[in-house]
Every structure is written in structure tokens, then in C-alpha cells.
Amino acid sequence: MRVATWNVNGLRARLDFVLAWLRERQPDVVGLQEIKLTDEIFPHDAFAEVGYRAATHGQKSWNGVAILARETPEVTQRGLPGHEGFGARLLAARVGELDFATVYVPNGKHLEHEDFARKLTWLEALAEQLEQGFHASRPGVICGDFNVCPSGLDSWNEAELGGAIFHTPQERQRFEALLSAGFSDLWRKLHPDRQAFSWWDYRGGAFHRKQGLRIDFLLGTPAARSALQAAEIDRGWRKKRDGLTPSDHAPVWADLA
DNA sequence: ATGTCGGAATTATTCCGA
């Protein structure tokens with residue numbers, strides 16, 4: 001079974017790009033983030049044509065998450081309880097025997113902004129929510145854009161960015177708490193010393209300058225981790241193709257037995 | 001170059017968020 005995560009940065013602008021990726025990679029379950037549209041206009045038909053059912057938690061203009069799967073996802077949670085006012089950022093569903101969730105963690109903007117403190121609180125609430133929705137003995141994956149760079153290895157410039165947004169001890173401690181609760185960073189488990197990024201700013205030629213961050217993750221329960229066979233970041237899909245503009249994030253996928 | 005995108009508000013230009 002192939003599971004994947006992708007912040008698409010606007011599904012209307014990215015639909016053809018996403019469909020091409022689905023045809024090539026043939027994932028079984030995908031968590032999308034930043035779909036930037038409402039549930040009413042979600043393109044269910046386009047996904048059905050390539051063999052996917054979708055569950056959605058969207059909103060107008062910003063944020064929004066969705067789950068694509070070969071079989072119909074049965075939604076177990078829409079939104080992070082008590083934090084719905086911070087945007088449509090969490091969707092959990094059962095897909096066959098897999099417990100799955102997609103999250104779009106608040107950006108936080110900068111350390112002095114009120115959104116930074118709200119981001120930390122949101123991450124704490126996420127940890128509580130996951131305790132209820134996932135179990136060590138069941139295969140489960142929580143994926144998404146966490147907007148946290150877990151270690152210096154995950155940043156193109158820890159020397160200068162360490163301590164700045166995405167790189168603070170407060171964010172890292174809260175991400176670490178998710179791992180301590182039993183979730184494994186699946187890509188990192190297979191590539192413990194590799195530096196690779198999943199996001200590059202559109203500005204300044206960051207992609208070609210290799211100025212990126214690894215902030216998109218597939219976190220697996222112990223049962224998922226023990227079934228892990230492969231995990232990759234689809235860096236090639238961060239490039240323009242056939243004249244289509246890419247997202248600023250690359251997809252990340254993992255194969256589970 | 002604070003250098004690019006997506007989307008909305010408003011009518012091709014400006015803003016906001018990332």
C-alpha cells in the first residue's frame with residue numbers, strides 16, 4: 001500500500017498537475033493540504049475518472065484538506081476540536097484497515113505574531129487528538145504539512161535560521177512530542193543521515209539554489225512503521241512540467257507492506 | 001530585489017497569506 005502527502009497550494013490551480021502525479025505514482029491513499037476551495041466545488045468527478053474517492057474538509061480561499069483513496073474514506077474527524085476557528089486544517093478517516101489523517105499545521109508567521117503562540121497551542125491539541133484516534137497495534141498514518149523543521153539536518157541553513165520560525169525549540173519540542181507518543185517519521189527512519197527537502201519558496205530561485213526545508217511528513221504508528229518498505233520525496237514533481245506550475249511543496253510517499 | 005505564487009476583491013490592479 002502506497003500512502004502519500006502533498007501540499008498542493010490551490011487545487012484549482014493544480015488539478016491537472018495532481019492528476020498526472022496520481023497516474024504516474026498510483027498511490028492508494030493521499031492526504032492533500034491547502035486545497036483552497038469549499039467542499040461544494042471539490043472536483044470529485046475529475047478524481048473519480050482516475051480511480052479515486054475523496055473526503056474533504058475545505059473552506060473558501062485558504063487552508064483546506066482532503067483525503068483521496070481507492071476506496072471511500074470513512075470520515076472519523078473533521079477539524080481539530082476546539083480550534084476550528086483557525087481554519088480547515090485536519091481531516092481523519094478510516095480507509096479499509098488504515099487509520100489516516102491529513103493536517104495543515106498553522107504557519108505561525110513569525111515569533112512575535114499572535115499566530116505563533118496559537119500554532120504551539122494547535123500542535124498541543126493535535127497531540128491530544130491523535131492519542132484518541134490512533135492505536136499502536138493498528139496501521140495508522142498521520143500526514144501533512146507540519147510547518148516545522150524538526151532538526152538542523154532538515155533545513156538548508158540551520159546556522160542562520162536556527163531559532164527562527166519553523167526552527168524554534170518550542171515548535172521542535174511539540175513535534176518531538178508526537179514522535180514520543182509513538183509516531184515514526186517514516187521517511188527519516190529509512191534515510192537517517194540524508195538531507196532532503198519537501199518545500200522550497202517560490203521566490204528567489206530557492207529550488208534551484210537548493211534552499212529548502214523538510215516540513216512535510218508521514219508519521220506512522222508502530223504497526224505502520226513495521227510494515228514500512230520504502231519512502232521518498234518526489235522532488236521531480238516540484239519542477240514545472242508540460243507548462244504547468246508546480247506547488248511549492250513536493251509530494252512525499254511511503255510504501256507499506 | 002522583499003525577486004513568486006494562488007486567490008479575492010474588484011474590473012487589470014492591488015491586497016493578503018505563504
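Here the structure is a predicted model, which means the values were calculated and not measured. Below, chains carry the letters A, B, ... as their sequence lines are ordered, and counting in each starts from 1.
Remark: the A:T56 side chain and the A:D39 side chain contain an N/O donor-acceptor pair separated by less than 3.5 Å. No hydrogens or angles considered: nothing links the side chains of A:Q229 and A:R2 as a donor-acceptor pair under 3.5 Å.
Here the P atom of nucleotide B:dA8 and the CD atom of A:Q59 are 11 Å apart, to the nearest Å. B:dT4 atom C1' lies 13 Å from atom NE2 of A:H208, rounded to whole Å. If you measure from atom CZ of A:R14 to atom C1' of B:dG7, you get 12 Å, rounded to the nearest angstrom. Summarising the geometry, the separation between CZ on A:F17 and P on B:dG6 is reported as 11 Å, rounded to the nearest angstrom.
A gap of 22 Å separates the P atoms of B:dA8 and B:dG3, to the nearest Å. Taking atom P in both B:dA12 and B:dG17, one finds a spacing of 24 Å when rounded to whole Å. Taking the P atoms as reference points, B:dA1 lies 26 Å from B:dT13, given to the whole Å. The separation of B:dT10 from B:dC5, taken at their P atoms, amounts to 26 Å, rounded to a whole angstrom. Taking atom P on both nucleotides, B:dT11 is separated from B:dC16 by 16 Å, rounded to a whole Å.
A search for ring pair (Phe, Tyr, Trp, His ring centres under 6.0 Å) contacts involving A:F42 returns A:H44, A:F47, not counting sequence neighbours. Residues forming a ring pair (Phe, Tyr, Trp, His ring centres under 6.0 Å) with A:H208 (at least two apart in sequence, or on another chain): none.
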Counting primed atoms plus P, OP1 and OP2 as sugar-phosphate and everything else as base, spell out the protein contacts along nucleotides 11-18 of chain B at 4.0 Å heavy-atom distance: B, S or - for each nucleotide, 5' to 3'. -----B-B

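For the pair A:R94 and A:F100, the cation-pi criterion (under 6.0 Å, within 45° of the ring axis) is not fulfilled.
When each of A:N7, A:T102, A:N9 is paired with A:Q33, the side chain to side chain donor-acceptor pair (under 3.5 Å) condition holds for A:T102 and for no other.
Contact check, A:S61 against B:dA8: a side-chain N or O comes under 4.0 Å of OP1 or OP2. A:K240 has no side-chain polar atom (N or O) that falls below the 4.0 Å cut-off from OP1 or OP2 of B:dT4. Not one side-chain nitrogen or oxygen of A:R238 sits closer than 4.0 Å to the OP1 or OP2 atom of B:dT4.
For the pair A:D154 and A:R172, the salt-bridge criterion is not met [side-chain N within less than 4.0 Å of a carboxylate O].
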